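Some notes on the structure that comes next.
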Protein chains: 2
Amino acid sequence: MSLRHAILGLLERQPSTGYELARRFDLSLATAWHASHSQIYPELSKLEAAGLVEVVARGARQSKTYALTESGRDELRRWLVEETPDRSQRNEGALRLFLGQLLDPGDRQAVFERDLDYIEEQTEQLRALQSVLEPGEPFAAQVDLGLRINAVLAAWLAEQVEQPGPDGEHDGRGPAR
Amino acid sequence: MSLRHAILGLLERQPSTGYELARRFDLSLATAWHASHSQIYPELSKLEAAGLVEVVARGARQSKTYALTESGRDELRRWLVEETPDRSQRNEGALRLFLGQLLDPGDRQAVFERDLDYIEEQTEQLRALQSVLEPGEPFAAQVDLGLRINAVLAAWLAEQVEQPGPDGEHDGRGPAR
DNA sequence: GATTGACATGTTGATCTCGACACGTCAATC
DNA sequence: GATTGACGTGTCGAGATCAACATGTCAATC
């Protein structure tokens, strides 16, 4: 149940409303986890019932700002340190990088160029983020990691586009058009 | 619905039984997608009903070997080339790399060392796989990409372990023990 | 001849996740 | 004064996913 701990992690950095959490999932945490508000609000209720978070402020528009309780901080640390990570993955982008090799060179080139555009866009956003972070800032290292991985991906994709490589296992029966 | 296309992609490379698909998900496709047999069997039935796969052989123990139909190949290509990729992520490992920064230096070091061990293990498996693949083989490039990303991760983790860095936003209230 | 372990297929109930529906507020612009 | 758009919270139904349950086969070893 990583959603729970993703929320705890976001609240540990900064108390927030459910609405703000939904935005933060797609900003700072976009490359690690995603959740929509229809999942966030019920989970906040459960977390409050479990005593891991509490409402620390009520603002305009019935807004409730949540923050971690002591026991929420304990649980977050326990999960990070003691629980064995679930390494199983479900990543559509990675799946497409794998299966792209099944396409004929023309299709593959088009698909990988689209991916390359996406990576370059992401890289610019990360660079913009990096420029407003001080080097010592808590999450500067994570931004740096994102940039390094994007650089590897961009280089690999560029190679794939330039050297179309083998035609896979085709012999004319494959998904080649 | 990526599970469907992951199965189509695996079958495009090699006709298989449901049981074999379950193993292949955790071998060649482990870093991209995971599915257990309780999800694979019903999906194969749906794919057969939709005419995207067909039973091409029946063996011992009621085994059924599935292969792509012409329309299955069309669908796989259509998905790869025409459908907009879903870039949203849910990756517990990445989440932990982010949230690790909230821990105190001692905990963080322990957690990142555990991750480093895991990456090194994965790297060895990839290297073993690489050594049995010919350079021109269809998926040699993907193995190479995996190795490059692992190298970046390993370097980053080693830096984090050596230079504990900032203590996050702690001031003694965080999940630090 | 019995046991063990890999092979093989299926179902069921619980939980996770998403898109769509639904309601309401506040500030700024027209 | 009306409209618009961001803010804000919630529910519901459908589909995705997993762990557990359930059943049976075949080959090799003891």
Side-chain angles (χ1 to χ4, degrees), chain A residues 1-8 10-11 14-27 29-30 32-50 53 55-66 79 83-92 95, chain B residues 1-8 10-11 14-27 29-30 32-50 53 55-66 79 83-92 95:
Chain A
M1 211 189 336
S2 299
L3 170 66
R4 162 163 300 204
H5 299 97
I7 291 177
L8 292 177
L10 286 174
L11 291 181
Q14 175 71 52
S16 306
T17 66
Y19 187 88
E20 287 166 341
L21 285 175
R23 274 189 318 183
R24 295 177 64 199
F25 263 107
D26 286 340
L27 292 177
L29 219 53
W33 208 264
H34 168 79
S36 52
H37 78 276
S38 55
Q39 211 187 351
I40 292 169
Y41 289 117
E43 187 63 32
L44 280 171
S45 298
K46 284 188 217 163
L47 285 167
E48 192 185 9
V53 305
V55 175
V56 292
R58 285 167 189 272
R61 285 168 263 198
Q62 286 90 45
S63 77
K64 286 176 278 183
T65 300
Y66 291 90
W79 182 75
E83 200 121 317
T84 302
D86 174 8
R87 312 279 187 184
S88 75
Q89 297 238 16
R90 225 162 279 103
N91 180 330
E92 184 174 314
L95 179 61
Chain B
M1 212 193 334
S2 298
L3 169 66
R4 162 162 300 205
H5 299 96
I7 290 176
L8 291 177
L10 285 174
L11 290 181
Q14 176 71 52
S16 305
T17 66
Y19 186 87
E20 288 166 340
L21 285 174
R23 274 188 319 181
R24 295 177 64 199
F25 264 106
D26 286 341
L27 293 175
L29 220 52
W33 209 263
H34 168 77
S36 52
H37 78 275
S38 56
Q39 210 187 351
I40 291 169
Y41 288 118
E43 187 63 31
L44 280 171
S45 297
K46 282 187 219 164
L47 285 167
E48 192 185 9
V53 305
V55 175
V56 292
R58 285 166 190 272
R61 286 168 263 196
Q62 288 89 43
S63 76
K64 285 176 281 184
T65 300
Y66 290 89
W79 182 75
E83 201 122 315
T84 302
D86 175 7
R87 311 279 186 184
S88 74
Q89 298 237 16
R90 226 163 277 103
N91 180 330
E92 184 174 315
L95 180 62

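So you know, we letter chains A, B, ... as the sequences are listed, proteins then strands, and number each from 1. From a predicted model like this one, the values you see are computed outputs, not experimental measurements.
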With nearest nucleotide decided by heavy atoms, which residue, B/Arg61 or A/Ala60, maps closer to the 5′ end of DNA chain C?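 Going by which nucleotide is closer to the 5' end, it is B/Arg61.
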Mapping A/Met1 and B/Thr17 to their closest nucleotides on DNA chain C, which lands nearer the 5' end?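 Its nearest nucleotide lies further toward 5', so the answer is B/Thr17.
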Are any non-hydrogen side-chain atoms of B/Leu44 and B/Leu21 less than 4.5 angstrom apart?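 Yes, their side chains come closer than 4.5 Å.
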Side-chain heavy atoms of A/Asn91 within contact of B/Gln89, under 4.5 Å: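 Yes; the side chains approach each other to less than 4.5 Å.
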With both distances kept under 3.5 Å, what pairs with C/dC30, Watson-Crick or G-U wobble?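 C/dC30 is paired with D/dG1.
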Does D/dG10 have OP1 or OP2 under 4.0 Å away from a side-chain N or O of A/Lys64?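 A/Lys64 to D/dG10 OP1/OP2: side-chain N or O found under 4.0 Å.
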Using the side-chain contact (heavy atoms from CB on, under 4.5 Å) criterion, which residues pair with A/Asp26? Sequence neighbours excluded.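 Once residues adjacent in sequence are excluded, the partners of A/Asp26 under the side-chain contact (heavy atoms from CB on, under 4.5 Å) criterion are A/His34.
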For residues B/Val56 and B/Tyr66, report the shortest heavy-atom separation together with the two atoms involved.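 Smallest heavy-atom distance, with atoms named: CG2-C, 4.3 Å.
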d([atom1], [X]; [atom2], [N]) in whole Å:
{"X": "B/Glu48", "N": "C/dT9", "atom1": "CD", "atom2": "C1'", "result": "14 Å"}
{"X": "B/Ile7", "N": "D/dT17", "atom1": "CD1", "atom2": "C1'", "result": "13 Å"}
{"X": "B/His34", "N": "D/dA16", "atom1": "NE2", "atom2": "C1'", "result": "13 Å"}
{"X": "B/Asp86", "N": "C/dC18", "atom1": "CG", "atom2": "P", "result": "9 Å"}
{"X": "B/Glu92", "N": "C/dC16", "atom1": "CD", "atom2": "C1'", "result": "14 Å"}
{"X": "A/Tyr19", "N": "C/dG24", "atom1": "OH", "atom2": "P", "result": "18 Å"}
{"X": "A/Gln62", "N": "D/dT11", "atom1": "CD", "atom2": "C1'", "result": "16 Å"}
{"X": "A/Arg90", "N": "C/dC16", "atom1": "CZ", "atom2": "P", "result": "14 Å"}

If you look at every strand shown and take non-hydrogen atoms under 4.0 Å, does B/Arg4 touch a base, only sugar-phosphate, or nothing?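 Nothing, no heavy atom under 4.0 Å.
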Just call it for B/Arg23: base, sugar-phosphate, or nothing, with non-hydrogen atoms closer than 4.0 Å on any strand.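 Counting heavy atoms under 4.0 Å across all strands, the contact made by B/Arg23 is with sugar-phosphate only.
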Would you mind listing every salt bridge (Lys or Arg N to Asp or Glu O under 4.0 Å) that reaches into residues 37-49 of chain B, with sequence neighbours excluded?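 Every salt bridge (Lys or Arg N to Asp or Glu O under 4.0 Å) pair that includes a residue of residues 37-49 of chain B, provided the two are not neighbours, is B/Arg4-B/Glu43, B/Glu43-B/Lys46.
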In residues 38-47 of chain A, which residues come under 4.0 Å of DNA chain D by heavy atom?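 The answer is A/Ser38, A/Tyr41.
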Distance, nearest 0.5 Å, that separates OG of A/Ser2 from CD of A/Glu83: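 That separation rounds to 9.0 Å.
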A/Arg58 atom CZ, neighbour heavy-atom count above 12 within 6.0 Å: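 Count not over threshold, so no.
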No-H, no-angle donor-acceptor pair, A/His37 side chain to D/dG8 base, under 3.5 Å: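 Answer is no: no donor-acceptor pair is held.
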